[in-house]
Each structure stands twice: as C-alpha cells, then as structure tokens.
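Beneath this line is the structure, given in structure tokens, with notes to follow.
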Amino acid sequence: MHDDNAPLRTLVTGGAGFLGSHLCELLLSEGCDVLCVDDFSTGARRNVAHLLGHPRLTLVTHDVTHDITRHVTHDVTRDLATPLGAHVDRIYNLACPASPVHYQRDPVQTTRTCVLGALNMLALAQREGARILQASTSEIYGDPQVHPQRESYWGNVNPVGVRSCYDEGKRCAESLFFDYHRQHGVQVRVARIFNTYGPRMHPQDGRVVSNFIVQALRAEPLTVYGDGLQTRSFCFVDDMVAGLHRFMEAEAGGAGPVNIGNPQEFTVRDLARLVIELTGSSSKLVFAPLPSDDPTQRRPDVRLAEQMFGWEPRVGLVEGLQKTIAHLDALLSAPASRE
Ligand code: NAD
Ligand code: UDP
C-alpha cells in the first residue's frame, strides 16, 4: 500500500524511447521516483542522458519479454547488476518499437514484446497492487472504415499482414489488460495513442514526420508514399505525455480504452508542403509505392479523454513542427551525426 506522503515509485518500460523519455521527465518534475527500463533496441541513451544525474531516476537495461523480478538486469545509473528491488506504485508499459520500419524489422520479437511484455508487467502490477497503463495504439483500428475513430469501433485489421505483428500484438495486450482487470482486479488504463511527433524522434525511424524533416533539412526529395492523399492526425509529444499522466492519475472513469491524439487531420501531401515551408527547404516531392496495409485515413475522436480527465491537445502542427525541426537540425549538425 502506498504511503500518501511518499513519492509514487513509477516504472516506465521503454523509458529511453521517444515518448518514454518525455514521460520520465514529466514524472520526475511531478516528484515521482522513476525506474526507467529499456533494452535500447530502438531507444537511445542520449534521450535520457540529461536525466541520469537526477537522484530520483534509476535506469535499468532489461528486455521486458523476461520477468524483471527474476532476471538479473543491468542498472546503468549505478553500474550494478540488480533485479528489481523496491515496491512499485505505477507502471507505464511503453516498451515496443513504434515505427513500421522498426517493428517490421523483427516482427516475432515485436509480438513477443507486446504480449510477453504485457503479461510480465501485468503480473508485476498484480503482485505489487500497482496501477498500470498500456501504451496502445490507433493501429488497433487498422485501416478504419469508421471515421473519425471512436473507442467503440472494433477496427479493421489484416491479421496476417506485415503490420499484424504490431496491430495484433497490441490488440492481444489490450485483451490481457482487460482480463487482468476482470479476473484479478488489477487497476488498468488502456490509452490508444495516435501518431505522435516531437523532439527526440529517432531521425532514422522511417516515420513520416522525421523522414520529411530530415529530408528537407538535407535538401533531399521528400518521399511521399502512394498518392499522399492518405491522412493522419499528428499530436505533439508534450500533449501526449500530459494526457497519459492525467489518464493514469484519474480516479473516476475507469480503464478505457481512451483515444489520446490530436484530431486535426492532414494528408501526407499537406504535411510535406508544410515541412518544406517551415524549413525553407528547396526539396521537391518524390512519389514511392504505398506500403501494404497502410491505413488510408486516421483521426481520433477525443471526446472521451476530455470527459474522463479533462484533457485536450494544445499544440498545433506548425508550433510542434517548429520545435521538432529545431531538435532534428541540432542533432544532424552534431559532429557525431555528421560522421
Ligand atoms: P520508441 O521506439 O522511441 O520507444 C520504444 C522504447 O521501447 C525504446 O526505447 C525501445 O528500446 C524500448 N523497447 C522495445 N522493445 C523492448 C523490450 N523488449 N524490452 C525493453 N524495452 C524495449 O517508440 P515511441 O514512439 O516512444 O513509442 C512508445 C510506445 O507508444 C510504444 O509502445 C508504441 O507502440 C506506443 N505508440 C506510439 C505512437 C507514436 O506515434 N509515437 C503511436 C501509437 C502508440
Ligand atoms: N509516409 C510517407 N513517406 C515517408 C514515411 C511515411 O508518405 O517517408 C506515409 C506512410 O505511408 C503513412 C503515413 O506517412 O501513410 C504515416 O506513416 P508513419 O510511418 O509515420 O506512421 P503510421 O503509418 O504508423 O501511421
């Protein structure tokens, strides 16, 4: 049981990734003790380097497909080999490659991470009496035939396609979360995250925002897949992690699932033009084949998040892109990156 005066001890899996590193930062600023767990498969030490001296942060190298309470993990902050020691009050389960290029590189490991990672963290939550939030995804809806997407929509996923390791892995994780809730009374939160962008996106993760910005900064053609008329709705990372935190701490409203994203919808061509304009680049567009099962449209209905925990996005695409461009520009200009 948590002592109300003690800081919440919070475990973040995937904490050295793009979203995870921003979440760790927010949690530290909220006074939590943070245990950041990552296998660094797509995350990077540089994402959390500025937090390493923080007295309330512990960084542990661990693959969530193994039970963290049994396997010896490597504690980077203290340079010790240590299994998970103290009690945990909250678990944010973010560990999973998120970009299609990353999650399709080793699809079996992607499914293992989604399913075994969820099972291991849910078992830990049950043992600890901790509340646990799952970073689920708009990919649950597949190529949606209902637009915008509400949480009540069951989706349209190809179960055997190249994206299924991620889509079905995340769907299975949602199912496990709700079964742990019903069967074992674990307090769960399932957040369906829509396309999120911002500083610390991996410059080579193949996602549209990072690809376009890197290409524009290098004056290379922007690679538009298909006719570029497919849509996405882009949420800035600060809004996203604030939403995840509010959902976790909301006492009323229950488990979800709840969409978190920015409902402003853009075609991929719109995004390309905006990135060229904001970078002042001389880049042109080049068209390449559409990857298989690429969703044609995506926009969240976020009314439930607003009703349940008073959240709505604040940062528009222009402002968010300006911050992301500044970050990637600095990263690409750094000597290590040029090498
Ligand atoms: P990311 O790739 O930057 O972060 C994922 C992190 O998980 C990385 O640090 C990686 O090293 C770590 N990881 C992967 N497999 C692991 C394993 N087996 N054990 C331990 N750590 C492991 O991606 P992100 O954009 O920060 O996404 C974070 C979470 O949010 C993911 O679960 C993703 O599915 C979800 N999500 C993100 C978006 C988005 O647009 N960014 C959209 C929907 C859902
Ligand atoms: N996309 C594109 N060019 C790129 C990368 C992506 O046109 O260089 C398209 C992709 O086909 C998809 C959209 O942009 O329609 C968003 O892709 P991303 O990989 O960022 O995310 P997801 O498909 O998972 O929403």
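One-based numbering, in listed order, for ligands and for the atoms of each.
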Closest candidate by heavy atom, reference [atom], pool [options]:
{"atom": "atom 4 (O) of ligand 1", "options": "G17, P97, A191, S41", "answer": "G17"}
{"atom": "atom 27 (O) of ligand 1", "options": "S99, A44, A98", "answer": "A98"}
{"atom": "atom 36 (N) of ligand 1", "options": "Y197, F234, Y166", "answer": "Y166"}
{"atom": "atom 44 (C) of ligand 1", "options": "G14, S136, C114, G15", "answer": "S136"}

Give yes if a backbone or side-chain nitrogen or oxygen of [X] is under 3.5 Å from a nitrogen or oxygen of ligand 1, and no if not.
{"X": "L19", "result": "yes"}
{"X": "I193", "result": "no"}
{"X": "T137", "result": "no"}
{"X": "A95", "result": "no"}

Starting from [atom], find the nearest protein heavy-atom neighbour and note its residue, name and distance.
{"atom": "atom 13 (N) of ligand 1", "value": "D39 OD1, 3.3 Å"}
{"atom": "atom 24 (O) of ligand 2", "value": "R163 NH2, 3.1 Å"}
{"atom": "atom 11 (O) of ligand 1", "value": "D38 OD1, 2.6 Å"}
{"atom": "atom 3 (N) of ligand 2", "value": "T223 O, 2.6 Å"}
{"atom": "atom 25 (O) of ligand 1", "value": "R207 NH2, 3.1 Å"}
{"atom": "atom 1 (N) of ligand 2", "value": "Y225 CD1, 3.4 Å"}

Please identify which atoms of ligand 2 are closer than 4.0 Å to at least one heavy atom of [X].
{"X": "V224", "value": "7 (O)"}
{"X": "R207", "value": "19 (O), 20 (O)"}
{"X": "E139", "value": "24 (O)"}
{"X": "N211", "value": "4 (C), 5 (C), 8 (O)"}

Original post:
Parallel, tilted or perpendicular for H62 and H66, by the 30°/60° rule?
Top reply: perpendicular

Original post:
Any idea how F309 and F247 line up, ring-wise: parallel (<30°), tilted (30 to 60°), or perpendicular (>60°)?
Top reply: parallel

Considering the heavy atoms of [X], write down every atom of ligand 1 situated less than 4.0 Å from one of them.
{"X": "Q109", "value": "18 (N)"}
{"X": "A16", "value": "9 (O)"}
{"X": "G43", "value": "8 (C), 9 (O), 10 (C), 11 (O)"}
{"X": "H62", "value": "19 (N), 20 (C)"}

Between [X] and ligand 2, which residue portion shows a heavy-atom distance shorter than 4.0 Å: side chain, backbone, both, or neither?
{"X": "N195", "value": "side chain"}
{"X": "H102", "value": "neither"}
{"X": "V208", "value": "both"}
{"X": "P291", "value": "side chain"}
{"X": "D294", "value": "side chain"}

So is [X] close enough to ligand 1, meaning a heavy atom under 4.0 angstrom away?
{"X": "R200", "value": "no"}
{"X": "E139", "value": "no"}
{"X": "Y103", "value": "no"}
{"X": "S21", "value": "no"}
{"X": "K170", "value": "yes"}
{"X": "D63", "value": "yes"}
{"X": "G117", "value": "no"}
{"X": "M240", "value": "no"}

Could you check if a side-chain atom of [X] sits within less than 4.5 angstrom of a side-chain atom of [Y], using non-hydrogen atoms only?
{"X": "D89", "Y": "T10", "value": "no"}
{"X": "L217", "Y": "I325", "value": "yes"}
{"X": "D270", "Y": "T231", "value": "no"}
{"X": "V34", "Y": "R56", "value": "no"}
{"X": "R200", "Y": "L331", "value": "no"}

Original post:
Side chain, backbone, both or neither: which part of N195 has a heavy atom under 4.0 Å from ligand 1?
Top reply: backbone

Original post:
Under 4.0 Å from ligand 1, counting heavy atoms only, is it the side chain of F40, its backbone, both or neither?
Top reply: backbone

Original post:
Is a salt bridge present between E168 and R171, judged by a nitrogen-to-oxygen distance below 4.0 Å?
Top reply: yes

**OP:** Using a strict cut-off of less than 4.0 Å between a Lys/Arg side-chain nitrogen and an Asp/Glu carboxylate oxygen, indicate whether E139 and R298 qualify as a salt bridge.
**Re:** yes

Original post:
Should G206 be listed as contacting ligand 2, given a heavy-atom distance under 4.0 Å as the test?
Top reply: yes

Original post:
Does at least one non-hydrogen atom of Q215 fall below 4.0 angstrom from an atom of ligand 2?
Top reply: no

Subject >> Pair T61, D39: side-chain N/O donor-acceptor within cut-off below 3.5 Å >> reply: no

Subject >> Partner of Y197 under ring-ring contact (aromatic ring centres under 6.0 Å, His included), chosen from F212, F18, F236 >> reply: F236

**OP:** Please say which of I132, L27, T13 ends up in a side-chain contact (heavy atoms from CB on, under 4.5 Å) with Y92.
**Re:** L27

